[in-house]
Number of protein chains: 2
Amino acid sequence: MVPSQLNLLLASTSTVHGAPYLSYLESAVRAHFSGCKTVAFVPFARPGGLTWDDYTARPAAVFAEWGLELRGIHTWETPEKAAAEADGFFVGGGNTFVLLDTLQRGGWMTPLDEAVQCGKPYMGSSAGTNLAGRTVGTTNDMPIAHPANLNAFGWVPFNLNPHYLDPDPHSTHKGETREQRIGEFHCYHPQPVLGLREGSWLELHGGLLELKGSLNTRLFQAGLPAAELIPGAIRVGE
Amino acid sequence: MVPSQLNLLLASTSTVHGAPYLSYLESAVRAHFSGCKTVAFVPFARPGGLTWDDYTARPAAVFAEWGLELRGIHTWETPEKAAAEADGFFVGGGNTFVLLDTLQRGGWMTPLDEAVQCGKPYMGSSAGTNLAGRTVGTTNDMPIAHPANLNAFGWVPFNLNPHYLDPDPHSTHKGETREQRIGEFHCYHPQPVLGLREGSWLELHGGLLELKGSLNTRLFQAGLPAAELIPGAIRVGE
(Lines give C-alpha, C1' and ligand atoms only; values in the text may rest on other atoms or scores of the structure.)
Protein backbone atom coordinates (compact mmCIF):
# COMPACT_ATOMS: atom_id res chain seq x y z
CA MET A 1 0.00 0.00 0.00
CA VAL A 2 1.30 3.42 -0.97
CA PRO A 3 0.25 6.06 1.58
CA SER A 4 -1.62 8.72 -0.34
CA GLN A 5 -0.01 11.71 1.35
CA LEU A 6 3.47 10.97 -0.01
CA ASN A 7 4.96 13.37 -2.57
CA LEU A 8 7.94 11.78 -4.26
CA LEU A 9 10.13 12.52 -7.27
CA LEU A 10 12.63 9.72 -7.83
CA ALA A 11 15.13 10.21 -10.63
CA SER A 12 17.50 7.64 -12.08
CA THR A 13 20.23 10.23 -12.45
CA SER A 14 20.90 13.89 -11.78
CA THR A 15 22.48 14.36 -15.18
CA VAL A 16 21.75 13.02 -18.64
CA HIS A 17 24.33 12.88 -21.39
CA GLY A 18 24.91 16.20 -23.12
CA ALA A 19 22.90 18.37 -20.73
CA PRO A 20 23.84 20.41 -17.65
CA TYR A 21 23.40 19.02 -14.14
CA LEU A 22 19.68 18.59 -13.25
CA SER A 23 18.55 20.59 -16.31
CA TYR A 24 16.36 17.85 -17.80
CA LEU A 25 14.35 17.84 -14.56
CA GLU A 26 13.79 21.59 -14.35
CA SER A 27 10.04 21.76 -14.84
CA ALA A 28 9.42 18.68 -12.70
CA VAL A 29 11.57 20.01 -9.86
CA ARG A 30 10.00 23.46 -9.96
CA ALA A 31 6.55 21.93 -9.77
CA HIS A 32 7.56 19.44 -7.08
CA PHE A 33 8.89 22.08 -4.73
CA SER A 34 6.48 24.88 -5.61
CA GLY A 35 5.28 26.43 -2.38
CA CYS A 36 8.46 25.40 -0.52
CA LYS A 37 10.42 28.23 1.06
CA THR A 38 13.47 26.15 2.00
CA VAL A 39 14.41 22.74 0.65
CA ALA A 40 17.00 20.74 2.59
CA PHE A 41 19.71 19.05 0.54
CA VAL A 42 21.17 15.80 1.85
CA PRO A 43 24.79 15.69 0.62
CA PHE A 44 25.82 12.56 2.54
CA ALA A 45 26.40 10.32 -0.50
CA ARG A 46 29.48 12.44 -1.34
CA PRO A 47 30.12 11.62 -5.00
CA GLY A 48 33.86 11.61 -5.63
CA GLY A 49 34.43 12.23 -1.93
CA LEU A 50 33.15 15.83 -2.10
CA THR A 51 32.67 17.58 1.23
CA TRP A 52 29.09 18.16 2.33
CA ASP A 53 29.45 21.90 1.76
CA ASP A 54 31.01 21.56 -1.68
CA TYR A 55 28.40 19.05 -2.77
CA THR A 56 25.54 21.22 -1.52
CA ALA A 57 26.83 24.19 -3.49
CA ARG A 58 26.27 22.43 -6.83
CA PRO A 59 22.49 21.83 -6.66
CA ALA A 60 21.99 24.99 -4.59
CA ALA A 61 23.28 27.09 -7.50
CA VAL A 62 20.87 25.41 -9.91
CA PHE A 63 17.95 25.68 -7.52
CA ALA A 64 18.72 29.37 -6.96
CA GLU A 65 18.38 29.98 -10.72
CA TRP A 66 14.97 28.38 -10.46
CA GLY A 67 13.99 30.63 -7.55
CA LEU A 68 14.28 27.86 -4.95
CA GLU A 69 16.36 28.00 -1.78
CA LEU A 70 18.37 24.84 -1.14
CA ARG A 71 20.28 24.50 2.15
CA GLY A 72 22.56 21.69 3.32
CA ILE A 73 20.67 19.57 5.84
CA HIS A 74 23.86 19.31 7.91
CA THR A 75 23.66 23.03 8.66
CA TRP A 76 20.70 22.59 10.98
CA GLU A 77 21.46 21.99 14.65
CA THR A 78 19.73 18.62 14.80
CA PRO A 79 17.97 16.18 12.48
CA GLU A 80 14.71 16.94 14.22
CA LYS A 81 15.04 20.69 13.60
CA ALA A 82 15.97 20.13 9.98
CA ALA A 83 13.03 17.80 9.41
CA ALA A 84 10.66 20.24 11.09
CA GLU A 85 11.91 23.45 9.49
CA ALA A 86 12.66 22.36 5.93
CA ASP A 87 9.70 22.39 3.55
CA GLY A 88 11.07 19.61 1.36
CA PHE A 89 14.07 17.35 0.84
CA PHE A 90 16.44 16.53 -2.00
CA VAL A 91 18.83 13.60 -1.48
CA GLY A 92 21.60 13.66 -4.04
CA GLY A 93 23.48 10.78 -5.61
CA GLY A 94 26.88 9.34 -4.83
CA ASN A 95 27.60 6.23 -2.82
CA THR A 96 24.48 4.58 -1.41
CA PHE A 97 26.30 2.76 1.40
CA VAL A 98 27.93 5.97 2.62
CA LEU A 99 24.60 7.77 2.37
CA LEU A 100 22.64 5.19 4.35
CA ASP A 101 25.39 4.72 6.93
CA THR A 102 25.58 8.48 7.54
CA LEU A 103 21.80 8.76 7.85
CA GLN A 104 21.66 5.84 10.29
CA ARG A 105 24.56 6.94 12.46
CA GLY A 106 23.43 10.54 12.59
CA GLY A 107 19.88 9.74 13.66
CA TRP A 108 18.38 11.10 10.44
CA MET A 109 16.20 8.16 9.41
CA THR A 110 13.20 8.64 11.68
CA PRO A 111 12.90 12.44 11.44
CA LEU A 112 13.19 12.36 7.64
CA ASP A 113 10.75 9.48 7.38
CA GLU A 114 8.16 11.22 9.53
CA ALA A 115 8.43 14.50 7.63
CA VAL A 116 8.02 12.79 4.27
CA GLN A 117 5.18 10.63 5.55
CA CYS A 118 3.43 13.85 6.52
CA GLY A 119 3.55 14.99 2.91
CA LYS A 120 6.65 17.17 2.60
CA PRO A 121 7.98 16.69 -0.93
CA TYR A 122 10.98 14.37 -1.31
CA MET A 123 13.22 14.21 -4.32
CA GLY A 124 15.98 11.68 -4.82
CA SER A 125 18.46 11.11 -7.58
CA SER A 126 20.40 7.88 -7.96
CA ALA A 127 21.45 6.94 -4.39
CA GLY A 128 18.71 9.23 -3.09
CA THR A 129 16.21 7.31 -5.18
CA ASN A 130 17.38 3.98 -3.75
CA LEU A 131 16.35 5.26 -0.32
CA ALA A 132 12.68 5.41 -1.25
CA GLY A 133 12.45 1.66 -1.87
CA ARG A 134 12.21 -1.25 0.50
CA THR A 135 15.97 -1.74 0.78
CA VAL A 136 19.12 -0.51 -0.93
CA GLY A 137 19.94 -4.09 -1.90
CA THR A 138 19.78 -3.29 -5.61
CA THR A 139 22.30 -0.46 -5.59
CA ASN A 140 25.11 -0.49 -8.15
CA ASP A 141 27.56 1.04 -5.70
CA MET A 142 30.60 -0.44 -4.00
CA PRO A 143 30.24 -1.21 -0.27
CA ILE A 144 32.76 1.39 0.85
CA ALA A 145 30.80 1.81 4.10
CA HIS A 146 28.89 -0.80 6.09
CA PRO A 147 25.49 0.38 7.36
CA ALA A 148 23.93 -1.50 10.28
CA ASN A 149 21.29 -2.79 7.88
CA LEU A 150 20.19 -2.16 4.30
CA ASN A 151 16.63 -1.10 5.05
CA ALA A 152 15.51 1.98 3.16
CA PHE A 153 12.44 4.12 3.85
CA GLY A 154 10.05 1.80 2.05
CA TRP A 155 7.79 4.56 0.78
CA VAL A 156 7.21 2.49 -2.33
CA PRO A 157 6.61 -1.30 -2.14
CA PHE A 158 9.51 -2.22 -4.41
CA ASN A 159 13.24 -1.71 -4.85
CA LEU A 160 14.88 0.59 -7.36
CA ASN A 161 17.87 0.18 -9.60
CA PRO A 162 18.92 3.61 -10.86
CA HIS A 163 21.17 4.07 -13.91
CA TYR A 164 19.65 0.86 -15.25
CA LEU A 165 21.72 -0.45 -18.16
CA ASP A 166 20.53 -2.89 -20.78
CA PRO A 167 22.91 -5.74 -21.60
CA ASP A 168 25.29 -4.92 -24.45
CA PRO A 169 24.72 -7.66 -27.05
CA HIS A 170 28.26 -7.19 -28.36
CA SER A 171 29.98 -7.38 -24.96
CA THR A 172 32.74 -9.93 -24.38
CA HIS A 173 32.79 -9.11 -20.65
CA LYS A 174 32.00 -12.03 -18.32
CA GLY A 175 30.95 -10.05 -15.24
CA GLU A 176 27.24 -10.27 -14.49
CA THR A 177 24.81 -8.03 -16.38
CA ARG A 178 22.50 -5.78 -14.41
CA GLU A 179 19.59 -8.10 -15.21
CA GLN A 180 21.54 -11.12 -13.90
CA ARG A 181 22.37 -9.29 -10.68
CA ILE A 182 18.72 -8.41 -10.12
CA GLY A 183 17.80 -12.03 -10.84
CA GLU A 184 20.17 -13.11 -8.06
CA PHE A 185 18.58 -10.52 -5.75
CA HIS A 186 15.28 -12.28 -6.34
CA CYS A 187 16.71 -15.57 -5.08
CA TYR A 188 16.67 -13.97 -1.65
CA HIS A 189 14.11 -11.16 -1.68
CA PRO A 190 10.50 -11.03 -2.88
CA GLN A 191 9.92 -7.37 -3.72
CA PRO A 192 9.77 -6.20 -7.35
CA VAL A 193 12.66 -4.12 -8.70
CA LEU A 194 12.26 -1.21 -11.11
CA GLY A 195 15.26 -0.65 -13.39
CA LEU A 196 15.09 3.09 -14.08
CA ARG A 197 17.02 4.11 -17.18
CA GLU A 198 18.85 7.44 -17.19
CA GLY A 199 16.35 10.14 -18.12
CA SER A 200 13.43 8.40 -16.39
CA TRP A 201 11.91 9.37 -13.10
CA LEU A 202 8.97 8.37 -10.95
CA GLU A 203 6.48 10.71 -9.36
CA LEU A 204 4.08 9.78 -6.62
CA HIS A 205 1.31 12.22 -5.68
CA GLY A 206 -2.08 11.47 -4.17
CA GLY A 207 -1.36 7.75 -4.27
CA LEU A 208 -0.81 7.81 -8.04
CA LEU A 209 2.56 6.46 -9.20
CA GLU A 210 3.68 7.71 -12.61
CA LEU A 211 6.66 6.96 -14.80
CA LYS A 212 7.96 10.18 -16.34
CA GLY A 213 10.37 10.94 -19.14
CA SER A 214 10.36 9.43 -22.60
CA LEU A 215 11.85 5.99 -21.86
CA ASN A 216 10.30 2.75 -20.76
CA THR A 217 11.36 1.27 -17.42
CA ARG A 218 12.14 -2.37 -16.78
CA LEU A 219 10.16 -4.25 -14.14
CA PHE A 220 11.68 -7.33 -12.51
CA GLN A 221 9.46 -9.60 -10.45
CA ALA A 222 10.59 -12.75 -8.71
CA GLY A 223 9.72 -15.79 -10.77
CA LEU A 224 8.40 -13.83 -13.74
CA PRO A 225 9.98 -12.67 -16.99
CA ALA A 226 11.10 -9.04 -16.95
CA ALA A 227 8.60 -6.60 -18.42
CA GLU A 228 8.73 -3.11 -19.90
CA LEU A 229 6.48 -0.39 -18.52
CA ILE A 230 5.70 2.66 -20.63
CA PRO A 231 5.52 6.21 -19.28
CA GLY A 232 2.29 7.07 -17.53
CA ALA A 233 0.50 5.69 -14.51
CA ILE A 234 1.95 2.39 -13.29
CA ARG A 235 1.22 -0.06 -10.51
CA VAL A 236 4.08 -2.04 -9.00
CA GLY A 237 4.11 -4.39 -6.04
CA GLU A 238 0.79 -3.39 -4.54
CA MET B 1 53.71 -8.43 5.08
CA VAL B 2 52.81 -11.48 3.05
CA PRO B 3 53.36 -14.71 5.04
CA SER B 4 55.71 -16.87 3.02
CA GLN B 5 53.82 -20.12 3.45
CA LEU B 6 50.74 -18.98 1.56
CA ASN B 7 49.93 -20.60 -1.79
CA LEU B 8 47.36 -18.55 -3.64
CA LEU B 9 45.92 -18.43 -7.14
CA LEU B 10 43.54 -15.51 -7.54
CA ALA B 11 41.74 -15.20 -10.86
CA SER B 12 39.69 -12.29 -12.11
CA THR B 13 37.21 -14.62 -13.74
CA SER B 14 36.51 -18.32 -14.18
CA THR B 15 35.75 -17.87 -17.86
CA VAL B 16 37.19 -15.71 -20.60
CA HIS B 17 35.29 -14.80 -23.75
CA GLY B 18 35.20 -17.55 -26.33
CA ALA B 19 36.71 -20.32 -24.20
CA PRO B 20 35.12 -23.04 -22.01
CA TYR B 21 34.74 -22.59 -18.26
CA LEU B 22 38.15 -22.52 -16.49
CA SER B 23 40.00 -23.70 -19.61
CA TYR B 24 42.39 -20.74 -19.82
CA LEU B 25 43.62 -21.61 -16.32
CA GLU B 26 44.24 -25.32 -16.93
CA SER B 27 48.00 -25.46 -16.60
CA ALA B 28 48.02 -23.04 -13.68
CA VAL B 29 45.32 -24.97 -11.81
CA ARG B 30 46.99 -28.34 -12.43
CA ALA B 31 50.28 -27.02 -11.09
CA HIS B 32 48.60 -25.24 -8.16
CA PHE B 33 46.85 -28.36 -6.90
CA SER B 34 49.48 -30.92 -7.91
CA GLY B 35 49.97 -33.27 -4.99
CA CYS B 36 46.43 -32.68 -3.71
CA LYS B 37 44.24 -35.73 -3.40
CA THR B 38 41.00 -33.89 -2.64
CA VAL B 39 40.29 -30.22 -3.26
CA ALA B 40 37.26 -28.70 -1.51
CA PHE B 41 35.04 -26.48 -3.62
CA VAL B 42 33.22 -23.62 -1.90
CA PRO B 43 29.95 -23.08 -3.82
CA PHE B 44 28.45 -20.53 -1.47
CA ALA B 45 28.50 -17.57 -3.90
CA ARG B 46 25.74 -19.30 -5.91
CA PRO B 47 25.91 -17.57 -9.30
CA GLY B 48 22.42 -17.30 -10.74
CA GLY B 49 21.05 -18.80 -7.53
CA LEU B 50 22.43 -22.29 -8.31
CA THR B 51 22.20 -24.85 -5.51
CA TRP B 52 25.46 -25.79 -3.82
CA ASP B 53 25.35 -29.26 -5.40
CA ASP B 54 24.60 -28.00 -8.89
CA TYR B 55 27.30 -25.37 -8.71
CA THR B 56 29.88 -27.88 -7.44
CA ALA B 57 29.16 -30.22 -10.33
CA ARG B 58 30.40 -27.67 -12.89
CA PRO B 59 34.02 -27.24 -11.75
CA ALA B 60 34.15 -30.85 -10.49
CA ALA B 61 33.60 -32.10 -14.04
CA VAL B 62 36.44 -29.93 -15.33
CA PHE B 63 38.76 -30.86 -12.49
CA ALA B 64 38.01 -34.55 -13.08
CA GLU B 65 39.19 -34.20 -16.69
CA TRP B 66 42.42 -32.83 -15.28
CA GLY B 67 42.78 -35.75 -12.87
CA LEU B 68 41.82 -33.74 -9.80
CA GLU B 69 39.09 -34.63 -7.32
CA LEU B 70 36.87 -31.66 -6.38
CA ARG B 71 34.30 -32.12 -3.62
CA GLY B 72 31.73 -29.64 -2.31
CA ILE B 73 32.93 -28.30 1.02
CA HIS B 74 29.35 -28.48 2.31
CA THR B 75 29.47 -32.28 2.12
CA TRP B 76 31.83 -32.54 5.09
CA GLU B 77 30.25 -32.84 8.51
CA THR B 78 31.81 -29.68 9.92
CA PRO B 79 33.95 -26.77 8.73
CA GLU B 80 36.77 -28.04 10.91
CA LYS B 81 36.72 -31.50 9.30
CA ALA B 82 36.61 -30.00 5.82
CA ALA B 83 39.51 -27.71 6.55
CA ALA B 84 41.53 -30.54 8.04
CA GLU B 85 40.77 -33.21 5.44
CA ALA B 86 40.80 -31.24 2.19
CA ASP B 87 44.20 -30.74 0.62
CA GLY B 88 43.28 -27.45 -1.05
CA PHE B 89 40.41 -25.05 -1.64
CA PHE B 90 38.72 -23.46 -4.63
CA VAL B 91 36.19 -20.71 -3.94
CA GLY B 92 34.06 -20.04 -7.01
CA GLY B 93 32.51 -16.80 -8.17
CA GLY B 94 28.99 -15.52 -7.82
CA ASN B 95 27.73 -12.99 -5.31
CA THR B 96 30.40 -11.83 -2.88
CA PHE B 97 27.93 -10.74 -0.18
CA VAL B 98 26.16 -14.11 -0.20
CA LEU B 99 29.52 -15.89 -0.15
CA LEU B 100 30.91 -13.94 2.82
CA ASP B 101 27.64 -14.08 4.73
CA THR B 102 27.43 -17.85 4.32
CA LEU B 103 31.05 -18.33 5.40
CA GLN B 104 30.55 -16.12 8.45
CA ARG B 105 27.26 -17.64 9.58
CA GLY B 106 28.46 -21.20 9.04
CA GLY B 107 31.64 -20.80 11.04
CA TRP B 108 33.86 -21.32 8.00
CA MET B 109 36.13 -18.29 8.26
CA THR B 110 38.56 -19.41 10.96
CA PRO B 111 39.03 -23.04 9.84
CA LEU B 112 39.58 -22.00 6.23
CA ASP B 113 41.93 -19.21 7.25
CA GLU B 114 44.03 -21.51 9.42
CA ALA B 115 44.30 -24.20 6.74
CA VAL B 116 45.39 -21.69 4.10
CA GLN B 117 47.81 -19.99 6.49
CA CYS B 118 49.40 -23.42 6.99
CA GLY B 119 50.14 -23.61 3.28
CA LYS B 120 47.25 -25.53 1.74
CA PRO B 121 46.71 -24.14 -1.77
CA TYR B 122 43.83 -21.72 -2.22
CA MET B 123 42.30 -20.75 -5.51
CA GLY B 124 39.66 -18.10 -5.97
CA SER B 125 37.86 -16.77 -8.97
CA SER B 126 35.93 -13.49 -8.95
CA ALA B 127 34.08 -13.46 -5.58
CA GLY B 128 36.55 -16.09 -4.34
CA THR B 129 39.38 -13.75 -5.24
CA ASN B 130 37.82 -10.87 -3.31
CA LEU B 131 38.10 -13.00 -0.17
CA ALA B 132 41.89 -13.03 -0.26
CA GLY B 133 42.14 -9.26 0.14
CA ARG B 134 41.74 -7.05 3.18
CA THR B 135 38.01 -6.53 2.71
CA VAL B 136 35.36 -7.20 0.08
CA GLY B 137 34.67 -3.46 -0.10
CA THR B 138 35.68 -3.29 -3.76
CA THR B 139 33.32 -5.96 -5.04
CA ASN B 140 31.14 -5.22 -8.07
CA ASP B 141 28.25 -7.25 -6.70
CA MET B 142 24.87 -6.17 -5.41
CA PRO B 143 24.35 -6.36 -1.63
CA ILE B 144 21.73 -9.10 -1.80
CA ALA B 145 22.92 -10.39 1.59
CA HIS B 146 24.25 -8.41 4.57
CA PRO B 147 27.31 -9.98 6.23
CA ALA B 148 28.12 -8.96 9.80
CA ASN B 149 31.20 -7.18 8.46
CA LEU B 150 33.08 -6.88 5.18
CA ASN B 151 36.43 -8.22 6.41
CA ALA B 152 38.04 -10.76 4.11
CA PHE B 153 40.93 -13.08 4.91
CA GLY B 154 43.60 -10.45 4.35
CA TRP B 155 46.16 -12.86 2.96
CA VAL B 156 47.37 -10.08 0.71
CA PRO B 157 47.79 -6.51 1.97
CA PHE B 158 45.45 -4.94 -0.58
CA ASN B 159 41.94 -5.22 -1.98
CA LEU B 160 40.96 -6.75 -5.28
CA ASN B 161 38.55 -5.70 -7.97
CA PRO B 162 37.90 -8.68 -10.27
CA HIS B 163 36.42 -8.27 -13.77
CA TYR B 164 38.12 -4.87 -13.88
CA LEU B 165 36.71 -2.79 -16.74
CA ASP B 166 38.38 0.20 -18.31
CA PRO B 167 36.16 3.22 -18.90
CA ASP B 168 34.50 3.23 -22.32
CA PRO B 169 35.55 6.51 -23.94
CA HIS B 170 32.42 6.47 -26.10
CA SER B 171 29.97 5.86 -23.24
CA THR B 172 27.10 8.26 -22.66
CA HIS B 173 26.23 6.54 -19.36
CA LYS B 174 26.39 8.74 -16.27
CA GLY B 175 26.78 6.00 -13.65
CA GLU B 176 30.22 5.93 -12.04
CA THR B 177 33.09 4.18 -13.84
CA ARG B 178 34.94 1.43 -12.02
CA GLU B 179 37.88 3.79 -11.52
CA GLN B 180 35.62 6.44 -9.98
CA ARG B 181 34.13 3.86 -7.61
CA ILE B 182 37.59 2.77 -6.46
CA GLY B 183 38.55 6.42 -6.02
CA GLU B 184 35.57 6.82 -3.68
CA PHE B 185 36.68 3.69 -1.80
CA HIS B 186 39.98 5.47 -1.16
CA CYS B 187 38.18 8.37 0.53
CA TYR B 188 37.50 5.93 3.37
CA HIS B 189 40.09 3.13 3.21
CA PRO B 190 43.88 3.23 2.86
CA GLN B 191 44.74 -0.12 1.26
CA PRO B 192 45.72 -0.33 -2.42
CA VAL B 193 43.28 -1.93 -4.86
CA LEU B 194 44.30 -4.13 -7.78
CA GLY B 195 41.94 -4.01 -10.74
CA LEU B 196 42.35 -7.46 -12.29
CA ARG B 197 41.20 -7.61 -15.90
CA GLU B 198 39.50 -10.76 -17.17
CA GLY B 199 42.23 -13.21 -18.16
CA SER B 200 44.64 -12.05 -15.45
CA TRP B 201 45.41 -13.86 -12.25
CA LEU B 202 47.77 -13.54 -9.30
CA GLU B 203 49.89 -16.28 -7.85
CA LEU B 204 51.60 -16.14 -4.48
CA HIS B 205 54.15 -18.80 -3.59
CA GLY B 206 57.10 -18.57 -1.20
CA GLY B 207 56.30 -14.93 -0.53
CA LEU B 208 56.60 -14.02 -4.22
CA LEU B 209 53.57 -12.31 -5.74
CA GLU B 210 53.26 -12.63 -9.51
CA LEU B 211 50.82 -11.25 -12.05
CA LYS B 212 50.00 -13.94 -14.62
CA GLY B 213 48.30 -13.89 -17.98
CA SER B 214 49.07 -11.56 -20.85
CA LEU B 215 47.34 -8.38 -19.62
CA ASN B 216 48.50 -5.57 -17.42
CA THR B 217 46.68 -4.96 -14.14
CA ARG B 218 45.67 -1.58 -12.78
CA LEU B 219 46.95 -0.47 -9.39
CA PHE B 220 45.01 2.12 -7.41
CA GLN B 221 46.65 3.72 -4.38
CA ALA B 222 45.06 6.37 -2.21
CA GLY B 223 46.28 9.81 -3.18
CA LEU B 224 48.30 8.63 -6.19
CA PRO B 225 47.50 8.37 -9.88
CA ALA B 226 46.51 4.88 -11.01
CA ALA B 227 49.36 2.82 -12.47
CA GLU B 228 49.65 -0.16 -14.78
CA LEU B 229 51.61 -3.22 -13.65
CA ILE B 230 52.96 -5.65 -16.24
CA PRO B 231 52.92 -9.43 -15.82
CA GLY B 232 55.70 -10.82 -13.66
CA ALA B 233 56.73 -10.30 -10.05
CA ILE B 234 54.94 -7.37 -8.41
CA ARG B 235 54.95 -5.72 -5.00
CA VAL B 236 51.77 -4.09 -3.74
CA GLY B 237 51.02 -2.57 -0.37
CA GLU B 238 53.93 -4.04 1.58
Side-chain angles (χ1 to χ4, degrees), chain A residues 12-19 21 45-50 93-98 100-101 125-126 135-151 159 161-165 168 171-176 178 180-189 193 197-199, chain B residues 12-19 21 45-50 93-98 100-101 125-126 135-151 159 161-165 168 171-176 178 180-189 193 197-199:
Chain A
S12 173
T13 182
S14 60
T15 311
V16 293
H17 180 68
Y21 177 62
R46 301 184 64 210
L50 279 176
N95 185 283
T96 302
F97 295 91
V98 172
L100 184 60
D101 190 52
S125 73
S126 191
T135 76
V136 300
T138 46
T139 175
N140 310 308
D141 295 330
M142 276 187 182
I144 65 176
H146 192 65
N149 61 66
L150 300 183
N151 296 332
N159 266 36
N161 181 250
H163 301 284
Y164 181 75
L165 263 183
D168 172 0
S171 174
T172 61
H173 189 67
K174 306 303 283 189
E176 293 87 343
R178 197 68 64 79
Q180 286 172 326
R181 296 184 189 283
I182 294 169
E184 293 182 352
F185 174 82
H186 277 145
C187 296
Y188 298 89
H189 307 281
V193 179
R197 296 182 176 95
E198 293 181 351
Chain B
S12 173
T13 182
S14 59
T15 311
V16 292
H17 180 68
Y21 178 60
R46 303 186 61 214
L50 279 175
N95 185 283
T96 302
F97 295 91
V98 172
L100 184 61
D101 190 53
S125 73
S126 192
T135 77
V136 302
T138 47
T139 177
N140 309 310
D141 295 331
M142 274 185 183
I144 66 177
H146 192 66
N149 61 65
L150 300 182
N151 297 331
N159 265 37
N161 180 252
H163 302 283
Y164 181 74
L165 264 184
D168 173 359
S171 174
T172 60
H173 189 67
K174 306 303 282 188
E176 293 88 342
R178 198 67 66 80
Q180 286 172 327
R181 296 184 189 284
I182 295 170
E184 292 183 351
F185 174 82
H186 276 146
C187 296
Y188 297 90
H189 307 281
V193 179
R197 296 182 176 94
E198 293 183 350

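Heavy atoms only: backbone and side chains are in, while hydrogens, waters and symmetry mates are out. Since we're looking at a predicted model, the values are computed, not measured. All chains are named by letter (A, B, ...) in the order of the sequence lines, taking the proteins before the strands, and each is independently numbered beginning at 1.
Between the side chain of A/H146 and the backbone N or O of B/L150 there is no donor-acceptor pair closer than 3.5 Å.
Counting all heavy atoms, side chain and backbone alike, B/C187 lies closest to A/G48 at SG-O, 4.2 Å. Heavy atoms only, all atoms of each residue included: A/E198 and B/T172 are closest at OE1-O, 4.0 Å. Closest approach of B/N95 to A/E184, counting heavy atoms only: CB-OE1, 3.9 Å.
Most heavy-atom pairs under 4.5 Å with chain A: of the set B/P162, B/G18, B/S14, B/P147, this distinction falls to B/P147. Here B/P143 is the residue among B/G49, B/P143, B/G94, B/S12 with the most heavy-atom pairs under 4.5 Å with chain A. Of the listed residues (A/H163, A/E176, A/H173, A/R181), the one with the most heavy-atom contacts under 4.5 Å to chain B is A/H173. Of the listed residues A/T13, A/V98, A/T96, the one with more heavy-atom pairs under 4.5 angstrom with chain B than any other is A/V98. In terms of heavy-atom pairs under 4.5 angstrom with chain A, the leader among B/A145, B/S171, B/A148, B/S126 is B/A148.
For the pairing with A/M142, the side-chain contact (heavy atoms from CB on, under 4.5 Å) check across B/T139, B/D141, B/N140 returns one residue only, B/N140.
The structure places CD1 of A/I144 at 11.0 Å from CD1 of B/I182, a figure rounded to the nearest 0.5 Å.
Both the backbone and the side chain of B/P47 come within less than 4.5 Å of a heavy atom in chain A. B/V136 touches chain A through its backbone: at least one of N, CA, C or O sits under 4.5 Å from a heavy atom, while the side chain does not. Contact of B/T138 with chain A is made through backbone and side chain together, with heavy-atom distances under 4.5 Å.
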From CA spacing to verdict: side chain to side chain contact (heavy atoms under 4.5 Å, CB included), B/Y188, A/R46:
CA-CA 11 Å; B/Y188 297 90; A/R46 301 184 64 210; 2.7 Å; yes

